[in-house]
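Remember, it's 1-based here, ligands and their atoms both numbered in the order they're listed.
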Amino acid sequence: MEVARSLDVSAVASAPAGEDARIGPNAVIQLAAALRARFGKGGGRQVFAVAGHLPLFHQPPQEMVEEATAAALYRALFAVLPAEIAADVAADAGTRTANYVLANRIPMMAQRLLKTMPVTLAGPLLLKAIARNAWTFAGSGQVRTESCGRHFAVEIAANPMAMPGCAWHQAVFQRLFAVLVAPEITVRHPRCCHEGARSCRFEIFAS
Ligand SMILES: [Zn+2]
């Protein structure tokens, strides 16, 4: 289980629920980056302003942020922009977050090993790393994972970052699995806290 250990990149447990619950800063940093990529340098200021967090647009957070702050930013994203564009931007922010994780948080040696493994071994190992680093993308949400052959699932109970379609999370999982487990990955989101469900369920299929 050497790979599992080397993927265990942080000993920080899930953030506690409540007003002080925190989430990884990339939820915010990569949202600003995705907005700039789409709308130009000042693009997206309005989203941060409407959320009441304009300073974060100009000065990206270096440490974990309150999950309420990240959630407010994504609510503002969908309030300011048409739903389809907001979902595109959220997905881009998710892909950028996964790229950051790949570049900075998962050792290259572990990545190379995962890529050489069969899907049925690499998938569960990646899920284990995802669960151990749940605070980075789920804050106080309770994360549970499942694997069965080439099918995998991540379930986030009380997902603090739930948004219409949860494009951010879908893109994070899509990118991580496509790079580390199998090139052809489909992610479905059949159940969502944003629509009143207890948990957000993400199903990941490797073809
Ligand atoms: Zn959801």
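Residues in residues 152-161 take part in these side chain to side chain donor-acceptor pair (under 3.5 Å) pairs, two or more places apart or across chains: Arg144-Glu155, Glu155-Arg191, Glu155-Ser199, Glu155-Arg201.
Heavy-atom contacts from other residues, nucleotides or ligands closer than 6.0 Å to CD of Gln46 number 12 or fewer.
A ring-centre distance under 6.0 Å is found for Phe137 and Phe173. In summary, the aromatic rings of Phe205 and His151 are positioned with their centroids under 6.0 Å apart.
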Next item on the list: Check the pair Arg175 / Asn99 against side-chain hydrogen bond (donor to acceptor under 3.5 Å, both in side chains), numbers first and verdict last.
Entry: CA-CA 8 Å; Arg175 178 76 178 145; Asn99 285 340; 2.5 Å; yes

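Of all protein atoms, those of element N, O or S that lie under 2.8 Å from the Zn ion (ligand 1) number 4.
Taking the ring centre of Phe57 as origin, the terminal cationic atom of Arg36 falls inside the region bounded by 6.0 Å and 45° from the ring axis.
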